[in-house]
Amino acid sequence: MDYAEKIPNNVGLREDRRLQRALESWQPNFLNWWDSMGPALPAQDVYLRTAINVGREGWAQFGHVAMRDYRWGIFLAERDPGRVVGFGEHKGEPVWAKVPGEYRSELRRLIVVQGDTEPASVEQQRNLGATAPSLYDLRNLFQVNVEEGRHLWAMVYLLHAYFGRDGREEAEDLLRRNSGSAESPRILGAFNEETPDWLSFFMFTYFTDRDGKYQLGTLKESAFDPLSRTCEFMLKEEAHHMMVGTTGVDRVVERTAQLMVERDTDDAGPYGAVPLTVIQKYLNFHYSVSLDLFGGETSTNVANYYTAGLKGRWMEDRRKDDHRLADDGFLVDSLVDGEIGQTEVPALTGLNTDLRREYISDCQGGVNRWNKILAEAGLPQRLKLPHVAFNRKVGAFAGVEASPDGELLSPQEWERRQGAWLPAEEDKTHVRSLMQPVHERGKIAAWIAPPRHGINGKPFDYEYVHLA
Ligand code: BYC
C-alpha cells in the first residue's frame, strides 16, 4: 500500500518517512474514533465532496463514497515565497517555516484548542442522522462531519510534523477527550453542549461554525507559515458548513412563516412547525454560547499572541494602523460601577472584543436574511440577536445575568424569566417531536421547507445517500 497516496496530500509525505510513520500509527486510532464516535446511522455511501487539490480549479471532487473510506487528506494552501509577518513585533520579517523555540508552547496550545473543536463537533452531531428531514440534509450533515474529520487531520499533521513527541501525545489526546464527558471534556464550552435536534444543528453550523471562520481567519495571518497555509485551505471547506446553517435556518423560518400565514396564527407549533418564539430561543442560546468562544473581553493571552505574531486580526492587511498596536487604546464592553458600559483598555488586550465585534456584525447578516423571509410572508414579527451580555459564561459578563435587551437582572429574576429566552424543556420536547426521519428519496419533513438548490447541480430528489 502506498500510504502517501492513501492520504492525499501536498506536503510531500512520501519524502518524509518519519512523519509518514507517525501519521500511520495515528490513523487506526482515528478510524476507531470515527467508528465509535462518528455518525451513528449506518450508510452504504454518500454523495460527498473530497478535497483533492488546492488549486483554484477543481480542488473538490464529487462522488458516492463510503464515509469510512473518505480520503482524509492533508492540504496546505500554496506557499507564498515572499510572505512576511504582517503584525506584531516581528512585522516585516520573513514568516517562519518552523516553530521558534520561544513560542512553542503557545503555538501548540492554539493548535490543540483549534484541533479539539473539530472532532468535538462530529461527536455532538453523532446521532442526528436518525432524524434527518431529507436525504439532502443527511448528505450535508455527513459532508460537514467528514470535513471536520479532515480539519482534525490538518491539526494533527501540524502537531506531528512540528512538535515532536509532545505533539504526538497531544494528537492522541484529541481522540481521548470527548464532547460532554465528565472526566475528559472538550476544551471549549460550546463543544460540550448537545446538538440533539436539527434546529440545533442549523443554529450550530450558523453560529458556532462561524466562530470557526473568524478564528481560522486570525490563524491564517500567523507568522508560523504552515499554520497559516492550512487555515487558509480549511476556510474554503468552512464556507460550506455555514451555507448549511444559513440556508437551514432560512428553510425552518420559511416553513414556519408559511404556516403562520396559512393558519392565520402566531403559533405554528400545533401545525407541525417550530414556533417563531422557539426559533428565537434557539438563536439566543447558540449565539450566546458562541460569543463565549472568543474568550474574555480583555485578555493578556491574546495580546501576547498578537505581539508574538502567532494570531492576527480579522483581515489584518486591510487595517489602517501600524499593525503593532503597542500604543493604541480600544473600547471594550464591560461592567462599569455595576452597569453595562464600556471601558478603554490597551488595544492589544482588547483583541478578543475586536474579533467578536466582527463576528457579531456578520451574524446580524443572517438575522436580516431571516427577517426578510418573514417580511416577504407579510408577517410583522422579527428575529433579533440578544445583547452581548446575555447568558455569558466567559468574560466581562460571566458574573451577571442580563435580559436579551441588556437589562441587568437579579439571580432570582433571571431564574424566573430565563425560560422565556432560552429553550425550555417543553420547547425542546416539541422540537424533538418534530424530528421524524424522512429517509425517502425526494421527500421532506413537514417542519422545514425544501432547499432552493441541490448539491453540485443535482436535483433535490437525487439519491444523495444510500442507507445500509
Ligand atoms: N470555554 O484569555 P482568555 C471551530 C479559557 S471553532 C472554555 O479570556 P483567550 C469549529 C482560555 O483557554 C474555533 N474555556 O481567552 C466550529 C484560557 O485558559 P488558560 C476554534 C475558555 O486565550 C464548529 C482562559 O479561559 N478555534 O473551529 O484570549 C465546528 C482565559 O481566556 C473559553 C479557536 O478557538 C471557553 N469558551 O482566547 C468545528 C482558536 N474561552 O489558557 C470547528 C484557538 C476562554 O488560562 N483558540 N477559555 O488555561 C484561541 O485562540 C483561544 O484559545 C480562545 C480563547 C479564543 C479560545
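First listed ligand is number 1; within each ligand, the first listed atom is number 1.
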By number and element, which atoms of ligand 1 are closer than 4.0 Å to a non-hydrogen atom of [X]?
X: Lys311; result: 49 (C), 50 (O), 55 (C)
X: Leu110; result: 43 (C), 46 (N), 49 (C), 50 (O)
X: Asp211; result: 6 (S), 13 (C)
X: Phe204; result: 23 (C), 29 (C)
X: Thr117; result: 4 (C), 10 (C), 20 (C), 27 (O), 38 (C), 42 (C)
X: Phe191; result: 6 (S), 10 (C), 16 (C), 23 (C), 29 (C)
X: Asp292; result: 36 (N), 40 (N)
X: Val113; result: 34 (O), 43 (C), 46 (N)

Shortest protein contact, [atom] (heavy atom only):
atom: atom 8 (O) of ligand 1; result: Gly296 N, 2.6 Å
atom: atom 38 (C) of ligand 1; result: Glu148 OE2, 3.4 Å
atom: atom 16 (C) of ligand 1; result: Thr208 O, 3.4 Å
atom: atom 32 (C) of ligand 1; result: Leu188 CD2, 3.7 Å
atom: atom 28 (O) of ligand 1; result: Ser299 OG, 2.7 Å
atom: atom 27 (O) of ligand 1; result: Gln114 NE2, 2.8 Å
atom: atom 54 (C) of ligand 1; result: Gly295 CA, 4.1 Å
atom: atom 17 (C) of ligand 1; result: Asn301 ND2, 3.9 Å

Run the numbers on Arg313 and Asp321 for side chain to side chain contact (heavy atoms under 4.5 Å, CB included), then give the verdict. CA-CA 12 Å; Arg313 284 172 294 175; Asp321 51 35; 2.9 Å; yes
What distance separates Glu118 CD from Leu174 CG, expressed to the nearest 0.5 Å? 9.5 Å
Between [X] and [Y], does any side-chain N to carboxylate O distance fall below 4.0 Å?
X: Glu316; Y: Lys220; result: no
X: Arg176; Y: Glu170; result: no
X: Arg49; Y: Glu147; result: yes

Find out whether the Lys NZ or Arg CZ of Arg210 is both under 6.0 angstrom from the six-membered ring centre of Tyr206 and within 45° of the ring's axis. yes
As a test of the contact definition, would [atom] count as having a protein heavy-atom neighbour under 4.0 Å?
atom: atom 49 (C) of ligand 1; value: yes
atom: atom 12 (O) of ligand 1; value: yes
atom: atom 42 (C) of ligand 1; value: yes

Return yes when atom NE2 of His453 has more than 12 non-hydrogen atoms of other residues, nucleotides or ligands closer than 6.0 Å, and no otherwise. no
Assess whether atom CG of Asp327 is packed by more than 12 heavy atoms of other residues, nucleotides or ligands within 6.0 Å. no
Is the ring pair Tyr214/Trp314 parallel, tilted or perpendicular, if the boundaries are 30 and 60 degrees? tilted
Give me the ring orientation class for Phe163 and Phe224: parallel if the planes are under 30° apart, tilted from 30 to 60°, perpendicular past 60°. perpendicular
Which residue from Asp209, Ile187, Leu291, Asn352 reaches closest to atom 23 (C) of ligand 1 through any of its heavy atoms? Asp209
Counting only heavy atoms, tell me which of Thr300, Leu293, Val302 gets closest to atom 56 (C) of ligand 1. Leu293
Specify side chain, backbone, both or neither for Phe207, according to which of its non-hydrogen atoms lie closer than 4.0 Å to ligand 1. neither
Side chain, backbone, both or neither: the part of Arg109 lying under 4.0 Å from ligand 1 by heavy atom: side chain
According to salt bridge (charged side-chain N to carboxylate O under 4.0 Å, His left out), who are the partners of Arg432, at least two apart in sequence or on a separate chain? none
Would you call Asp116 a ligand 1 contact, heavy-atom distance under 4.0 Å? no
Thr307-Asn304 side chain donor-acceptor pair, cut-off 3.5 Å: no
Does a donor on one side chain and an acceptor on the other come within less than 3.5 Å for His151 and Glu237? yes
Working note: Trp414 + Phe390, criterion ring-ring contact (aromatic ring centres under 6.0 Å, His included); need CA distance, chi angles, decisive distance, verdict. CA-CA 10 Å; Trp414 167 258; Phe390 172 77; 5.7 Å; yes
ring-ring contact (aromatic ring centres under 6.0 Å, His included) evaluation trace for Phe285 with Trp421: CA-CA 8 Å; Phe285 173 75; Trp421 301 320; over 10 Å; no
N/O separation below 3.5 Å, Leu219 to ligand 1: no
